[in-house]
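Each remark here refers to the structure printed beneath this line.
All heavy atoms count here, side chains included; hydrogens, waters and symmetry mates do not. We name chains A, B, ... by the order of the sequence lines, and we start the count at 1 in each one.
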Number of protein chains: 2
Amino acid sequence: MNELVALTPGESAALDNLEERQRHVRRGAVLQRENEACNELFILRKGLMMSYVLLDDGSRQILRFLFPGDILGISSAIYQEAPETLAALSDCVVSPFDRAALADIMTGHPRLSALILVYSQIERVALTDRLAALGRTSARARVAALLLELRSRLRATDKSIDNAFLLGLTQEEIGDATGLTAVHVNRMLRQLEETGLIGREGGRVTLKDEPALTRAANFVNRYVGLDLSWLPKPRS
Amino acid sequence: MNELVALTPGESAALDNLEERQRHVRRGAVLQRENEACNELFILRKGLMMSYVLLDDGSRQILRFLFPGDILGISSAIYQEAPETLAALSDCVVSPFDRAALADIMTGHPRLSALILVYSQIERVALTDRLAALGRTSARARVAALLLELRSRLRATDKSIDNAFLLGLTQEEIGDATGLTAVHVNRMLRQLEETGLIGREGGRVTLKDEPALTRAANFVNRYVGLDLSWLPKPRS
DNA sequence: CGATCGTTTGACGTTTGTCAACCGTCGTGG
DNA sequence: CCACGACGGTTGACAAACGTCAAACGATCG
């Protein structure tokens, strides 16, 4: 949270309290399964995870990729059964905490409550961007938007990333995120490569023509342009 | 909020405070425009509204339909510029309030803060349901899901609604919500009618075979199955 | 009464999915 | 050490779903 505002000692302590415990999650492991009870929330410390749902016909929709610093499972915490599955795309480290800890923060730290709401709204807007992409843009635009989003979010934790990054996803996973088949994702990636917008060498993607990609995708970075001047005063 | 928990007098007073003012919004009017500054939030009191985004090519994605009791514009409140447009689908009444009032609630009423978070998470899950629908289901399923969702949400404010309701949307609006063209929406509606799943008489839709519709749509009502046992204690 | 809007329908085009085959890499167990 | 199988990527032929264009109709409103 300290990227958005300077925290008071009391607020920092409350957050550190959430991150007391650590749990390692192996690549491919499931942290929380759709339709199962789940009393824990998590903060992702290291690695890349995803949330997804499975439909009746067995197809999968990836809802969101999760990066270090993200809070996982708020939506599951308000339901008796989790509405989505959380799974690790790489070896990860998470800090589990329970719903009572969330309630304690909301009672004792109004500004942190507001920041949790802010993060959940940033996520909401990112979801609506993807909704618009799935509803109204071409396969090519969706793949381009996904690459831009991945790069932008990876850079938030690893400043060394510039135009090139290791794409930790299979083409099937890209397809499940963008509403396409793996075969068509492959065609789109190749087309982006052939037209010079991206480069690819064994899992590594290079954004070679970022302005053209942004135009193709109408991508907006939702972590900039915030207005937090209205946040309540910290209590301690 | 009082549908989910019994409010204390202090909490009720804080909410009544938000609804002090009233503003009438005519059908078709825009309450908030994408990319414009907006310092107000709203509670919808009467009528039907929608939020949408416009893409570069002029196409529109409707993100969400808004019903009485919904809070409008939280996501816009955290940005300098609104990420979405709010427009009235029928004559409406809204209660505007400012961001400072939101901050006051978060400071003074921890349980209301938590409930605001709960509502924003219900909305989040509804958005992910729609994301999965757009990414992974057929045009027929998406239209069926929209009809079920509309009926379910209309019934929340009007208990007299059973299987039939007045569909206050054009087929173009249904298309913009489901990621289809108006022409194809028409074909799907006619197909649902011909196969006996729905009936139609001039703007009125009747869900004639609800189990079959639910199967066609894999629809989940996200306003049931909540677990709010963890909510913080009310302060006053 | 004309104009506009929403709906309906048909013919046709494009995008995307499906199916199938093949390739290279990697890990594993005989 | 090698053979095998699993997995992910690549490619082509074909099919299905959905979009585009165009025309006509009825209702509503000024």
### Query
Pairs in or reaching into residues 135-146 of chain A: which pass salt bridge (Lys or Arg N to Asp or Glu O under 4.0 Å), with residues at least two apart or in two chains?
A/Arg136-B/Asp176

### Query
What's the CZ-P distance between A/Arg27 and C/dC26, to the nearest Å?
13 Å

### Summary
With B for base contact, S for sugar-phosphate-only contact and - for none (protein heavy atoms under 4.0 Å), nucleotides 9-22 of chain D reads SBB-B----BBBB-

### Query
Considering residues at least two apart in sequence or located in another chain, which fulfil the side-chain contact (heavy atoms from CB on, under 4.5 Å) criterion with A/Asp162?
A/Arg155

### Message
In whole Å, I'd like the distance from the CD atom of B/Glu201 to the P atom of C/dT8.
### Response
12 Å

### Message
I need the minimum non-hydrogen distance between B/Leu148 and B/Ala217, along with the two atoms involved.
### Response
CD1-CB, 4.1 Å

### Task
Would you mind listing every salt bridge (Lys or Arg N to Asp or Glu O under 4.0 Å) that reaches into residues 177-195 of chain B, with sequence neighbours excluded?
B/Arg190-B/Glu194, B/Glu193-B/Arg200

### Query
What integer distance in Å separates B/Leu192:CG from C/dT8:P?
13 Å

### Query
With sequence neighbours left out, which residue pairs that include part of residues 83-92 of chain A fulfil the salt bridge (Lys or Arg N to Asp or Glu O under 4.0 Å) condition?
A/Glu84-B/Arg124

### Task
Taking side-chain contact (heavy atoms from CB on, under 4.5 Å) as the test, write out the residues that go with A/Gln22, two or more places apart.
A/Arg45, A/Val93, A/Ser95

### Task
Kindly write out the residues that satisfy side-chain contact (heavy atoms from CB on, under 4.5 Å) with B/Asn221, not counting sequence neighbours, or none if the list is empty.
B/Ser152, B/Phe219, B/Tyr223, B/Val224

### Query
Over its full length, what angle do the end axes of the helix from C/dC1-D/dG30 to C/dG30-D/dC1 make, each axis taken from five pairs and the result rounded to 10 degrees?
30°

### Message
Holding to side-chain contact (heavy atoms from CB on, under 4.5 Å), I want the full list of residues that pass it with A/Ala37, two or more places apart in sequence or in another chain.
### Response
none

Extract from the structure each pairing of a protein N or O with an N or O of nucleotides 25-30 of chain D at less than 3.5 Å, listing the distance.
none

### Query
Quick one: salt bridge (Lys or Arg N to Asp or Glu O under 4.0 Å) pairs with a partner in residues 202-217 of chain A, sequence neighbours left out?
A/Arg151-A/Glu210

### Query
Which residues pass the side-chain hydrogen bond (donor to acceptor under 3.5 Å, both in side chains) test with A/Gln32, sequence neighbours left out?
A/Ser76

